[in-house]
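Working notes, beginning with the structure itself.
Residue numbers run from 1 in the order of the sequence given.
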Amino acid sequence: KYGSEDERDRTVLKTVYAVKTSPDRSCVQFAARQMAADILRLMSLSGEEPESWRLTYPPRTSRRRRYFGFDQGRDLCRELSRYTGIPAERCFVSRGTEVQKRLNSLERRKNANSSYSLCRKADPGGKKYLIADDVITTGATVSACADILRSAGAKAVFPVCIARTKQKKPRRLRRAAKNPWFCMKTK
């Protein structure tokens, strides 16, 4: 156990960073073991059979794969499959668009929607999927991938991740009454 919430946050941050960048893949095994325990516990509580699900992941662009020498999503998915017994499938192809971390939430959603497509060999019809990702920031990537799977006939789609970023406190935006967010037209 870790002491403060800040210590836990730093540890999770270091783990995610290592999963994304470190050539030592033991960090992926560590994260996958932790995630697998939670996945199996939740499936047991909800009465789900792990064998009735499939694991998949949003892939890295080929440029990023060449730069780092691995695809952290694929590695995480394989390790999760090993620890849970849930079969892993490659469902997506990355089109190599801009890196998400430099974009705001609206730009991320637009970028994610144009970044992925279904693999030719993938057949998600009637299956249930867990989309494994290292971190969920705005949810744009997993949402885009989930939409692709649902439109191809997937029965259910659920995201799993190592970490989710904390939501920032919402800003209070003030708008002048003559410039509202929306206008209602009345007769």
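- The two residues Pro58 and Ala132 come nearest to each other via the heavy atoms CD-O, 3.4 Å.
- The structure places CD of Glu51 at 10.5 Å from NZ of Lys128, a figure rounded to the nearest 0.5 Å.
- A 4.5 Å side-chain heavy-atom check between Phe92 and Ser117 finds every atom pair outside the cut-off.
- By the criterion of side-chain heavy atoms lying less than 4.5 angstrom apart, applied directly or through intervening Ile, Leu, Val, Met, Phe, Trp or Tyr residues, Val93 is not grouped with Ile131; the two fall into different hydrophobic clusters.
- With Ser81 contributing its side chain and Ile86 its backbone, the two residues share a donor-acceptor pair below 3.5 Å.
- For the pair Cys119 and Cys91, the minimum side-chain heavy-atom distance is 4.5 Å or more.
- Rounding to the nearest 0.5 angstrom, the gap separating the CG atom in Leu130 from the CG atom in Leu80 is 8.5 Å.
- A 6.0 Å sphere centred on CZ of Phe68 holds more than 12 heavy atoms belonging to other residues, nucleotides or ligands.
- Between Leu55 atom CG and Arg78 atom CZ the span is 12.5 Å, to the nearest 0.5 Å.
- Annotation: side chain of Arg164 is not in contact with side chain of Thr137 (no heavy-atom distance under 4.5 Å).
- For Glu48 against Ser52, the heavy-atom pair with the smallest separation is OE1-OG, 3.9 Å.
- Residue pairs meeting the salt bridge (Lys or Arg N to Asp or Glu O under 4.0 Å) criterion with at least one member in residues 60-71, sequence neighbours excluded, do not occur.
- Closest approach of Leu106 and Asn104 over heavy atoms only: N-OD1, 3.0 Å.
- Under the 4.5 Å side-chain criterion, counting only non-hydrogen atoms from C-beta, Met43 is in contact with Trp53.
- Using a 4.5 Å heavy-atom cutoff, the side chains of Met35 and Leu76 are in contact.
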Please list, one pair per line, the donor and acceptor atoms closer than 3.5 Å that link side chains of residues 26-33 to other protein atoms, with sequence neighbours excluded.
unit_1	atom_1	unit_2	atom_2	d
Ser26	OG	Asp24	OD1	2.9
Ser26	OG	Asp24	OD2	3.1
Arg33	NH1	Tyr83	OH	3.3

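- Using a cut-off of 4.0 Å between Lys/Arg side-chain N and Asp/Glu carboxylate O, Glu89 and Lys127 are scored as salt-bridged.
- In this structure, the separation between CZ on Arg74 and SG on Cys77 is 10.5 Å, given to the nearest 0.5 Å.
- The pair Glu79-Arg82 meets the salt-bridge criterion, since a charged nitrogen lies less than 4.0 angstrom from a carboxylate oxygen.
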For this session: With side-chain contact (heavy atoms from CB on, under 4.5 Å) as the test, would you mind laying out the steps for Arg109 and Leu103 before giving the verdict?
Result: CA-CA 9 Å; Arg109 180 163 297 280; Leu103 307 175; over 6 Å; no
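- A donor-acceptor pair under 3.5 Å is formed between the side chain of Ser143 and the backbone N or O of Gly139.
- How far CZ of Arg25 is from CG of Asp75: 4.5 Å, rounded to the nearest 0.5 Å.
- The line from CD1 of Ile136 to OG1 of Thr165 is 9.0 Å long, rounded to the nearest 0.5 Å.
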Which atom pairs, one a donor and one an acceptor, fall under 3.5 Å between side chains of residues 148-161 and the rest of the protein, sequence neighbours left out?
unit_1	atom_1	unit_2	atom_2	d
Arg150	NH1	Asp147	OD1	3.2
Ser151	OG	Asp147	O	3.1
Ser151	OG	Ile148	O	2.9

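- A cation-pi arrangement is not found for Arg95 relative to Tyr116, the charged atom failing to lie both closer than 6.0 Å to the ring centre and inside a 45° cone about the ring normal.
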